[in-house]
S.K.: 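I'd like to ask some things about the structure below.
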Amino acid sequence: MGYIHALWSWLKTEKTRHDLMDCLRAAVVIAAVMAMVRIVFDMIGKLL
């Protein structure tokens, strides 16, 4: 139970919110790059 309380306290801090937002932003950027690479490969495959 102490671990859950410690985790909950950690999640409430201001730094954690900023870190989570940075991680989410990075995940969105990575997903967008992966989607663009897939589209480019699909376009190249159709040309060949």
Side-chain angles (χ1 to χ4, degrees):
M1 193 65 183
Y3 291 115
I4 295 172
H5 181 35
L7 180 63
W8 189 251
S9 297
W10 176 73
L11 287 172
K12 288 182 178 179
T13 63
E14 189 69 27
K15 184 183 182 315
T16 303
R17 283 192 285 262
H18 287 289
D19 290 346
L20 288 176
M21 288 305 295
D22 287 341
C23 286
L24 288 173
R25 190 176 304 129
V28 168
V29 169
I30 290 169
V33 169
M34 288 172 63
M36 287 190 296
V37 168
R38 170 89 188 249
I39 290 169
V40 168
F41 278 130
D42 286 345
M43 290 172 56
I44 290 172
K46 287 180 182 179
L47 292 175
L48 298 177

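Predicted model, so just to flag it, every value in this text is computed and none were measured.
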S.K.: Among residues at least two apart in sequence or on other chains, which ones pass side-chain hydrogen bond (donor to acceptor under 3.5 Å, both in side chains) with His5?
M.R.: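 None.
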S.K.: How long is the straight-line distance from CE of Met34 back to CD1 of Ile39, given to the nearest 0.5 Å?
M.R.: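 These two atoms lie 12.0 Å from each other.
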S.K.: Output all residues satisfying salt bridge (charged side-chain N to carboxylate O under 4.0 Å, His left out) with Lys12, sequence neighbours left out; order by chain, then residue number.
M.R.: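 Expected list: none.
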S.K.: Could you list the donor-acceptor pairs under 3.5 angstrom formed between side-chain atoms of residues 20-29 and any protein atom two or more places apart in sequence or on another chain?
M.R.:
{"residue": "Asp22", "atom": "OD1", "partner": "Arg25", "partner atom": "NH1", "Å": "3.0"}

S.K.: Output a table of donor-acceptor pairs, distance under 3.5 Å, between side-chain atoms of residues 40-48 and any protein atom two or more places apart or on a different chain; print 'none' if there are none.
M.R.:
none

S.K.: Using the test side-chain hydrogen bond (donor to acceptor under 3.5 Å, both in side chains), find all partners of Thr13 that sit at least two apart in sequence or belong to another chain.
M.R.: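 Result, side-chain hydrogen bond (donor to acceptor under 3.5 Å, both in side chains) vs Thr13: Thr16.
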S.K.: Atom NZ of Lys15 and atom NE2 of His18: how far apart are they, to the nearest 0.5 Å?
M.R.: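 The NE2 atom of His18 is 10.0 Å from NZ of Lys15, to the nearest 0.5 Å.
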